[in-house]
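Excluded from the calculations below are hydrogen atoms, water molecules and symmetry mates; all remaining heavy atoms, backbone and side chain alike, are included.
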Amino acid sequence: MSTSTPDRLSGVSTPATGPDAGKPATARVDPNAVTISGLVLDPSYGPNTIAGGPPESLKHIDRDLGNNSQPGTFPYTRGLFPQGYRTRLWTMRQFAGFGSADDTNKRFKYLLSQAKGTNANTGLSTAFDLPTLMGRDSDDPLCVGEVGKCGVAIDTIEDMHRLYADIPVGEVTVSQTINGPAAVIWAMYLAHAMQRGISWSTLGGTLQNDILKEFHSQNEFIYPPEASVKLVVDTIEFQSRHVPRWNSVSISGYHIREAGSTATQELAFTLRDGMEYVEACMERGLLIDDFAPRLSFFFNSHNEFFEELCKLRAARRIWARVMRDRYGAKNERSWFMKTHVQTAGCSLTEQQPLNNIVRVAYQAMAAVLGGCQSLHTDSMDETLGLPTEQAVTVALRTQQILAHETGVTRVVDPLGGSWFIEQLTDTMEREALNFINEIDQMGTYADWNATRSRGDGAGDTLANHPAYQSRRTFGKSVVSGINKGYFRRKIAEASYRFSEECEAGDRIIVGVNAYAEGNEERPIDILKIGEQVETEQCERLAAFKKRRDASQVAKALDNIRDVSQGRPARHALGVLNLGPGPSLHATNVMPALVEGALCNCTLGEMVQAMADVYARYSGGSEW
Amino acid sequence: MTTSLNVPTTEFEKTDRCADLPHRPRVLLGKMGLDGHDRGVKVIARALRDSGVHVIYSGLWQTPRSLAVSARDEDCDVVCASMMSNSHLVLGPRLVNDLRDLGRPDIPVYMGGILPQEDIPKLIEGGVSRCFTTGVGLLDIVEAVRGAVKPRPASVASSHAVAQLARDISQLHDAKGFRAGAKRRRPTRVVGITGSPGAGKSTLVAQLASEFTRRNKAEGRGGRCAVVAFDPMSPITSGALLGDRLRVDFNTMGDSIYYRSLAISGEDYRALPEILELIGGACDGPDAFDLVFVETVGAGQNETRIRQHVDRTAVVLTPGMGDAVQMDKAGILEIADVFVCNKADHPGESDLVRDLRDVAGKRPIIETIATKGQGIEELLAAVMG
């Protein structure tokens with residue numbers, strides 16, 4: 001054990017004699033390094049921190065031992081940064097949104113106020129209601145009963161202003177969980193910032209914008225797969241040119257896991273989706289190092305503690321290798337698998353809801369030991385409805401206790417080097433690569449074919465796995481897999497398997513199929529959204545439509561249709577000047593969407609304008 | 001070394017848990033509203049099928065009205081609505097009302113998902129029969145479905161013609177014969193659509209029905225179309241998953257078509273001629289069902305019996321099946337009156353069309369992309385001709 005005791009302070013010289021004996025002569029010890037008992041810890045431990053090199057018992061475990069065994073070095077299995085959370089704590093990003101824009105604005109302000117005075121990084125994460133997520137205005141007949149229920153209702157740029165009113169969006173990072181209509185919502189957000197006089201270069205945040213996982217799992221798609229991927233490429237290109245601090249896509253395994261996949265499937269499908277976007281962007285002509293640093297990920301943290309943290313370790317390793325070796329990225333930042341993590345909503349139980357606090361705490365710890373960059377902890381009442389303020393507060397406190405009291409932040413990847421952890425990480429990497437390879441086979445690559453591949457990933461040659469071998473063209477493998485029903489089938493199989501095991505009692509779920517208490521009274525309150533939210537939102541929308549300049553709206557919508565069809569926009573609206581700089585691809589619809597938002601087009605209108613060109617997708621194979 | 005186990009440690013046993021009931025249960029599983037969370041509904045669909053239930057899945061994004069239409073047309077014993085998006089208090093009672101309006105107030109509505117305890121009395125008051133919250137076991141759900149199965153009287157509770165048609169078909173399919181007084185008439189045109197699983201038959205049928213309806217409306221003509229879609233029945237449990245109707249957009253089609261899913265073993269189309277007569281006789285005048293599409297089980301190359309029962313047979317093929325065309329000159333290809341090359345935007349399309357030309361003779365080859373509605377007008381013209 002290389003833990004230093006106070007008389008062997010690491011990195012701090014201690015005078016041996018005199019009045020200051022025993023006290024540090026230089027700056028005080030970093031309080032983040034000191035345990036409750038007063039032991040001072042190094043930021044990381046590995047074979048190189050042991051005098052005389054690694055013990056024999058550890059040598060065979062990790063093929064990355066040696067120079068690669070340290071956090072902050074390729075392939076980053078042990079973490080992206082040498083000092084981990086000592087340099088920067090994870091961002092505590094609590095997902096929030098319900099009712100009207102004003103209701104959610106109030107909740108945002110509450111969340112920000114709860115984190116004041118700490119060194120925690122607090123960001124906002126916006127939950128939209130189902131009509132918004134499906135790109136429909138609140139007055140659409142299909143939206144009856146759904147407005148403001150599962151998130152906040154946004155129809156217009158005015159709603160966007162009310163949602164982020166008084167929030168310094170140039171300082172606080174803002175995440176937006178939206179996919180099908182992501183380009184339109186982001187355009188509204190950018191337009192709102194413009195009207196507030198906030199420069200796009202200061203805007204930080206994340207657009208979820210991961211349409212592929214919608215086809216696999218969550219079903220919030222609008223357009224067919226290929227057109228949907230094109231829109232994602234548009235946003236990535238626009239971000240790389242005009243909104244430098246924004247994370248353009250949050251490539252999400254969370255929903256895949258919630259839909260019932262295994263951890264390894266979540267790992268593989270998510271990374272492969274990311275690779276699909278990379279290939280599509282390269283085909284557009286974007287340089288990988290221009291956009292890849294702004295791709296980020298979003299994983300689930302489920303109950304199986306070690307599997308979850310190994311999943312994040314494996315994800316970092318795979319992404320780094322894929323980006324460097326398969327796609328030829330040169331910038332280290334392009335190799336980074338940065339990830340947001342959310343605890344597993346599907347693991348929470350309606351029965352004995354207070355138990356969920358404990359589940360969430362363990363899941364959160366797994367995410368932190370796995371090295372996440374930001375974290376959402378679920379509220380205990382999420383199986384009952386939208387979280388109450390009290391439940392949200394307990395969830396946030398769970399993270400704060402983890403960050404400030406448990407000491408897990410002192411040392412990066414503290415479990416690295418464990419026989420179990422390293423082997424489990426390797427196994428998950430291997431299984432994920434095999435899935436990735438299987439998906440690759442469904443695509444067609446001009447510059448690669450299976451028969452030329454070296455190695456099969458057997459034995460200790462994972463770095464030679466076909467999934468890591470160089471190719472630079474767009475194989476459309478994931479799109480092809482979607483059309484074949486591959487992902488849905490795999491996930492449905494895994495989900496059914498889990499249900500079978502629960503039914504048989506092979507898996508114990510406390511309070512549900514064991515330790516149940518019968519007819520218990522629910523000890524917590526739940527948040528109710530009144531039907532007046534829908535009425536008021538529809539009234540606001542009607543008034544907005546009455547006030548605006550209808551001819552500008554019509555022109556802006558024409559332009560969106562034109563550009564979507566690959567034609568130049570026919571009207572000059574004069575509301576947006578992107579200034580000098582590298583031009584966008586001619587079919588990039590983002591400028592037309594920002595103009596649409598500035599001209600007061602509604603979400604539903606802009607989404608429909610693109611649907612006129614791309615058509616709406618009704619879903620692929622169900623089973 | 002860790003290895004992965006791809007099968008459950010204990011499987012949910014596939015067994016007929018419904019053999020003792022008056023008839024095989026028919027359950028409509030539905031998702032209303034915009035919510036796409038379908039993990040639960042899919043698990044339940046499978047558990048019910050593996051217990052011997054005939055499960056009809058509505059697909060996503062249904063309105064209360066479209067779900068009620070499906071329940072009526074399929075003559076279901078129960079509608080199970082999965083609700084996760086906090087809109088249950090609005091949509092649940094509407095579903096109950098719509099079932100009443102459409103002539104089937106007797107079909108019970110079960111609701112499951114994220115349902116707060118204090119809302120349950122309100123749902124019951126609104127006419128929902130039973131509510132299930134999270135954590136209910138699979139066998140409990142099977143038991144609840146069994147509890148909804150009551151002996152079917154020959155006549156339904158209302159005088160609604162289509163509700164009665166649905167019941168008449170159920171009785172016939174269960175070999176209980178014709179209802180006394182049931183009107184019978186062979187529809188003007190019966191079209192069989194056959195082809196391998198995954199060829200896109202359901203989507204094509206949905207598009208054809210939609211195109212027929214659109215055209216009739218545009219030309220101010222009466223006459224409706226109907227669809228009979230066959231799916232295979234499990235030889236072990238007699239259960240079935242009937243998922244074809246989810247390709248039809250009932251939110252826009254509503255009552256303008258009649259769609260019925262039926263499970264059979266093998267190619268047992270015995271009851272079909274009489275079912276067709278019931279459909280033809282059910283309604284008169286502008287509401288009459290003149291055109292019926294029959295979608296086959298999709299058993300593959302040797303599925304040729306459908307031809308005896310229909311006026312025109314369309315055989316659906318997809319690119320990449322060129323070899324099959326070469327090899328199978330005496331099977332399914334022989335019964336085609338029209339060839340459909342679906343998914344014409346997929347690679348290998350020209351190979352397929354070329355190979356088909358060798359065997360087609362004078363029979364037309366129509367290229368379609370069913371998911372985009374392309375080639376549908378031509379196909380409709382070809383099967384109507």
Side-chain angles (χ1 to χ4, degrees), chain A residues 130-131 133-134 136 141-146 149-150 214 217-221 224 258-260 262 264 346 349-351 383-386 423-424 427 431 444 485 491-493 495-506 509 511-513 522 526 528-529 531 615 617-619 621-623, chain B residues 1-12 31-40 42-47 57 59-61 63-64 84-91 94 114-119 133-135 137-139 198 203 206 241 243 246-247 249 251 343 346-347 371-373:
Chain A
L130 270 171
L133 291 171
M134 295 302 293
R136 292 181 185 270
L142 264 179
C143 304
V144 173
E146 312 247 32
K149 288 280 171 64
C150 293
E214 297 297 339
S217 52
Q218 195 178 224
N219 296 316
E220 284 163 11
F221 42 74
E258 290 286 298
T262 65
T264 324
C346 66
T349 66
E350 183 183 332
Q351 297 78 5
T383 58
L384 301 164
L386 288 183
Q423 289 187 52
L424 188 56
T427 300
E431 292 213 346
T444 39
I491 294 167
E493 282 301 320
S495 146
Y496 193 63
R497 188 194 129 192
F498 182 77
S499 298
E500 286 178 288
E501 291 174 347
C502 292
E503 184 74 20
D506 294 347
I509 300 170
V512 178
N513 65 0
R522 191 182 57 228
I526 56 171
K528 304 294 267 182
I529 307 295
E531 302 304 326
Y617 187 69
S618 63
S621 328
E622 285 297 332
W623 274 281
Chain B
M1 181 62 196
T2 35
T3 55
S4 60
L5 184 70
N6 293 318
V7 292
T9 48
T10 306
E11 286 184 24
F12 183 76
K31 292 280 302 174
M32 286 185 288
L34 294 167
D35 174 38
H37 290 81
D38 57 0
R39 174 181 182 169
K42 285 182 172 176
V43 166
I44 290 169
R46 201 160 148 179
Y57 179 47
L60 300 173
W61 311 326
T63 60
M84 318 284 272
S85 68
N86 207 1
S87 51
H88 48 273
L89 285 179
V90 178
L91 300 180
R94 286 195 191 198
I114 298 186
L115 305 172
Q117 281 168 11
E118 58 267 42
D119 288 355
T133 52
T134 59
L138 298 177
L139 285 175
T203 312
L241 208 48
L246 64 85
R247 301 287 163 223
D249 180 7
N251 293 344
K343 307 188 185 179
H346 284 212
T371 50
K372 294 181 183 160

- Query: Looking at Y617(A) versus W61(B), is the centre-to-centre ring distance below 6.0 Å?
  - Reply: no

- Please report the C-alpha distance between R46(B) and E500(A) in whole Å, then the side-chain angles of each, then the deciding distance to 0.1 Å, and finally whether the salt bridge (charged side-chain N to carboxylate O under 4.0 Å, His left out) criterion is met. CA-CA 11 Å; R46(B) 201 160 148 179; E500(A) 286 178 288; 5.4 Å; no

- Message: Counting C-beta onward and ignoring hydrogens, is there a side-chain heavy-atom pair between K42(B) and S495(A) closer than 4.5 Å?
- Response: no

- Task: For the pair S4(B) and E431(A), evaluate side-chain hydrogen bond (donor to acceptor under 3.5 Å, both in side chains) and give the outcome as yes or no after the intermediate values.
- Result: CA-CA 9 Å; S4(B) 60; E431(A) 292 213 346; 2.9 Å; yes

- Message: Which residues pass the side chain to side chain contact (heavy atoms under 4.5 Å, CB included) test with L386(A), not counting sequence neighbours?
- Response: F98(A), L527(A), I529(A)

- Item | Per-residue contact mode, E503(A) against chain B (heavy atom under 4.5 angstrom) | side chain

- chain A heavy atoms under 4.5 Å from T63(B): which part of the residue, side chain, backbone, both or neither? side chain

- Message: Can you confirm whether the side chains of T10(B) and E501(A) place a donor and an acceptor under 3.5 Å from each other?
- Response: no

- Query: Where on P224(A) is there a heavy atom nearer than 4.5 Å to chain B: the side chain, the backbone, both, or neither?
  - Reply: neither

- Message: Tell me every residue that passes side chain to side chain donor-acceptor pair (under 3.5 Å) with K149(A), counting only those two or more places apart in sequence or in another chain.
- Response: E531(A)

- Task: Can you measure from CD (E350(A)) to CD (Q117(B)) and round to the nearest 0.5 angstrom?
- Result: 6.0 Å

- Item | C502(A) portion near chain B, given a 4.5 angstrom heavy-atom threshold | neither

- Item | Proximal component of L91(B), with respect to chain A [non-hydrogen, under 4.5 Å] | side chain

- Can you say whether S217(A) sits under 4.5 Å from chain B via the side chain, the backbone, both, or neither, judging by heavy atoms? backbone

- N6(B) versus chain A, the contacting section by heavy-atom distance below 4.5 Å: backbone

